[in-house]
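Letters A, B, ... mirror the listed sequences (proteins, then strands); counts begin at 1. Bear in mind the structure is a predicted one, so any value in this text is a computation, not a measurement.
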Amino acid sequence: MNGSNHVSIESGPAVDVRDVSRHYGAVRAVDGVDLAIARGELFGLIGHNGAGKSTLFKMMLGLVRPTRGSVRVDGTEVGGSAFRAVRRRIGYLPENVVFYDNLSGYETLRFFARLKGTSEAGCAGLLDRVGLAHAARRRLREYSKGMRQRLGLAQALLGDPHLLFLDEPTTGLDPEGIRDFYAILLELKDGGATIVLTSHILAEIQQRVDRLAIMADGRVRAVGSVQALRAERDLPVRIGVDVAPGMLVDVRTALGILPVDVRETDHSRLEIAAPRALKLDVLTALTAAGAAIRDVDIREATLEDLFFGEGNP
Amino acid sequence: MTLELAPIATVAGKEFWDRIRSLWVLAIALLFTVFALAIAYFGGAQQGAVGFRSIGFTIASLVSLVIYLIPLIALLLGFDAIVGERERGSLDLLLSLPITRLELLLGKYLGLAAALAFSTLAGFGLVALVLARRLDLAGLGAFGGFMLSSILLGCAFLAIAVLVSVVASDRTRASGLAVATWFVFVLLFDLVLLGVLVVGGGKTGGAALPYLLLLNPADVFRVLNVHAIDDVGAQYGLTTVFPAELAHDGLLYATLIAWCIVPLAVAAWRFRR
């Protein structure tokens, strides 16, 4: 990370969205959104298709003008003449980007480096960083989807950006590619970069983002860290219990009067949904059931629980 | 908003070299050369004469070729300039970079125009070299004017193609619109004017006709190249009704240049919305 790029960072949030709406006729793609993304934060934007996250993403990049409200990135109003300088410090990876098949990986990076006004000298190093050094001279028509996605990331990293917008960035990557990708993101974050990403692979995001925003119907329904959102929503802990044959009644009796939801999924398994505060009480009761219990698994509320809960109130 | 040259040059350079590398420029240049030489030597075969006759006759014959070919080539070259990027998903990426929509549009146009101009110059330039020893200075000048106006004709239709690429929602519609544009300007326009003239017995709209011809870059090109050639002007239908006071090279060149600028300006306005 080039330190000189960070000297000009102003105080205040990296991205400041205030009362932003975007209407297409009667359709409110984004409706009254307020959002502040702190500098150095790894921020996730999640939502169903049509939730408004792509439109919000594009407004942050100045690709779509808000019908109402304002978006400031790096302290500068998006879309104004001063925003050109900010664009040089932004990296963007669109979803499903298709580059030019007639160019090689190196030529593609060189073209985007010139457009970004940054040195072409770093192109070879970036290809190496994303694991494409061996394919630098090959035409993109010979690249796999995963290789194109890696090239897209290399393109986004041109000019050592301190603000990265990544739309579904791991699409097409194999597990090794996903691991490498997040390793690079963590390096960038350690260097002070702000990263905003969207993903449908919620389990992948929840372990990595500092905070996230859940969008539905054009509105931000919740913002915060995964832990904070779990606590705020008080989503139940789910406990699966494998029970010895004929002992279901004994286990139910052991759970007694605890205010938990117990369901039999088959003749030898119970699914318990318990408030977080009662997690230990449930485990104590199951321990008391002794030999009736064969196995227990505990699942905390996942991002899917938050996500689909918010999307389907 | 300030206009920066570096991003325009980058986009233009890519468009130009893409056409060089794909051999598009070479193919078009060869096409022009072969057709032009064939016309120059065999254009008078119907009258029983084979071989080079005169530069006036050669230019007049080439006008018939160019008027069909160059508009079509220009429209096919530029119809997906913007809509192609949009459909590919790379338009958002380009516009997220420090380049304005106007700069992107200009870069695309200039790069494609350079490729078209280069192939036109190369194709007809080779013909000029072959014919050079048979031409005097005036003949070379006339052929130079023909090449310049051919390039401007291509640039005018390329500007229309870029406008089509901005307006169309997808490549399929853009290609259809491009072909329809060619059909209207190259085939239909003159037929409609002739029809009006014939139905009205030469009295309806006769005075306005020369001005209406200026609304078609193909007709402007035709008049520009044919009006000064006495022995062939009568073969070119509507151009014979073109009054001498309008048939000034300066005015006709300015009209062709306006045809390059106006569609591009409309495209830029539409692209900004």
Does a donor on one side chain sit under 3.5 Å from an acceptor on the other, for [X] and [Y]?
X       : Y       : value
N225(B) : S149(B) : yes
D80(B)  : S165(B) : no
E41(A)  : T194(A) : no

Ring centre gap for [X] and [Y] strictly below 6.0 Å:
X       : Y       : result
F99(A)  : Y143(A) : no
Y92(A)  : F165(A) : no
F185(B) : W259(B) : yes

Fill in the blank from the handout: From the list P98(B), G89(B), G13(B), A9(B), the residue making the most non-hydrogen contacts under 4.5 Å with chain A is P98(B)
Completion exercise
If you tally heavy-atom pairs under 4.5 Å between each of S22(B), S96(B), A6(B), G107(B) and chain A, the highest tally belongs to S96(B)
[X] versus chain B, the contacting section by heavy-atom distance below 4.5 Å:
X       : answer
L103(A) : both
I90(A)  : neither
Q155(A) : side chain

Handout entry: Option in E95(A), K116(A), R65(A) with maximal non-hydrogen atom pairs under 4.5 Å from chain B
Key = K116(A)
Practice task
Using a cut-off of under 4.5 Å on heavy-atom pairs, state which of K58(A), R87(A), E107(A), R114(A) scores highest against chain B.
Solution key: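 Most heavy-atom pairs under 4.5 Å with chain B: R87(A).
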